[in-house]
Amino acid sequence: MTVRTPSVAVGAVAGSGRVRGRVAQALLVLAALGAVVAVVSAVSAVADAGPATRMVETWRMLGFGVFAGVFLLLAYRPRLYAGIWELSILNKLGLSLAALSFGSETAGARAALIADGAVTLMLLAAYILARGWTAWSAARAMA
């Protein structure tokens, strides 16, 4: 006697995993595009910066570029980069909390709270949808 699992149920489970992966991928690509836009908009801030702020503006601009790359890497292989998910989420959450704690008196705090808060939520959603924590299992298997 052969026991068969209904193919519809198996296909639905596999299909929902694919859908979750695609949604996570879309969120990460959207975050990467936002970071690229931030790089482009930061070019003028670097060009206009005086000697006292030129280095920090350059650092900020290049940081946006690094995050664009990180988000694209996570979109490409979400279960390969152990620790990168968590570092990215903690960075964006930390920036959101800093902006919140600085308040409206600090220039740029409101914009940072909105942008970094949104990216934090996107990263958390993508992490859950893509099961990003499973990267640690892959890392341990390669060790």
Side-chain angles (χ1 to χ4, degrees), residues 4-143:
R4 293 188 59 173
T5 345
S7 60
V8 173
V10 173
V13 171
S16 69
R18 253 182 295 206
V19 169
R20 285 192 319 268
R22 293 287 184 203
V23 172
Q25 194 173 45
L27 288 170
L28 289 161
V29 168
L30 183 61
L33 289 174
V36 168
V37 168
V39 169
V40 171
S41 69
V43 169
S44 64
V46 171
D48 295 341
T53 59
R54 188 173 296 131
M55 189 64 216
V56 73
E57 290 296 338
T58 301
W59 175 80
R60 183 173 167 259
M61 179 184 68
L62 294 175
F64 289 139
V66 167
F67 271 98
V70 165
F71 298 153
L72 288 174
L73 286 171
L74 289 173
Y76 177 62
R77 300 287 271 219
R79 291 186 217 114
L80 184 64
Y81 303 105
I84 299 301
W85 277 107
E86 294 84 359
L87 286 172
S88 299
I89 292 167
L90 287 174
N91 176 273
K92 295 303 171 188
L93 179 61
L95 288 170
S96 299
L97 293 174
L100 187 62
S101 71
F102 294 155
S104 59
E105 310 85 51
T106 302
R110 181 179 171 89
L113 176 59
I114 292 168
D116 289 314
V119 173
T120 302
L121 294 175
M122 291 168 64
L123 287 173
L124 284 170
Y127 183 72
I128 291 166
L129 289 167
R131 299 177 7 176
W133 62 88
T134 60
W136 289 101
S137 298
R140 281 191 290 275
M142 292 191 317

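Residue numbers start at 1 and run along the sequence shown.
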Short question: side chain of Arg110, backbone of Ser104 - any donor-acceptor pair under 3.5 Å? no
Which value, rounded to the nearest 0.5 Å, describes the distance between Trp85 atom CH2 and Leu90 atom CG? 13.5 Å
Working to the nearest 0.5 angstrom, can you tell me the gap between Leu123 CG and Leu28 CG? 6.5 Å
Which value, rounded to the nearest 0.5 Å, describes the distance between Leu93 atom CG and Ser88 atom OG? 12.0 Å
Give me the atom names and distance for the closest heavy-atom approach of Ala68 to Val36. CB-CG2, 3.9 Å
Distance-minimising heavy-atom pair for Ala82 and Ala139: CB-CB, 3.8 Å
Quick check for you: to the nearest 0.5 Å, what is the distance between Leu80 atom CG and Met142 atom CE? 6.0 Å
Euclidean distance, Leu72 CG relative to Leu33 CG, rounded to 0.5 Å: 7.5 Å
Identify the heavy atoms of Ala24 and Ala126 that sit nearest to each other, and give their distance. CB-O, 3.6 Å
Would you check if Leu113 and Leu97 make a side-chain contact, meaning some heavy-atom pair closer than 4.5 Å? no
Heavy atoms only: give me the nearest Gly103-Ala109 pair and the separation to one decimal. O-CB, 3.3 Å
Where the side chain of Trp133 meets the backbone of Tyr127, is there a donor-acceptor pair that is under 3.5 Å apart? no
Is there a donor-acceptor pair closer than 3.5 Å between any side-chain N or O of Glu57 and the backbone N or O of Arg54? no
Beyond-backbone contact of Leu62 with Val66, side-chain heavy atoms, under 4.5 angstrom: no
Heavy atoms only: give me the nearest Ala42-Arg60 pair and the separation to one decimal. CB-NH1, 4.5 Å
Return yes when atom CZ of Phe64 has more than 12 non-hydrogen atoms of other residues, nucleotides or ligands closer than 6.0 Å, and no otherwise. yes
Does the side chain of Leu95 come within less than 4.5 Å of Val119's, by heavy atoms? no
Atom CG of Leu27 and atom CZ of Phe71: how far apart are they, to the nearest 0.5 Å? 11.5 Å
Shortest non-hydrogen contact from Ala112 to Ala99? CB-CB, 4.1 Å
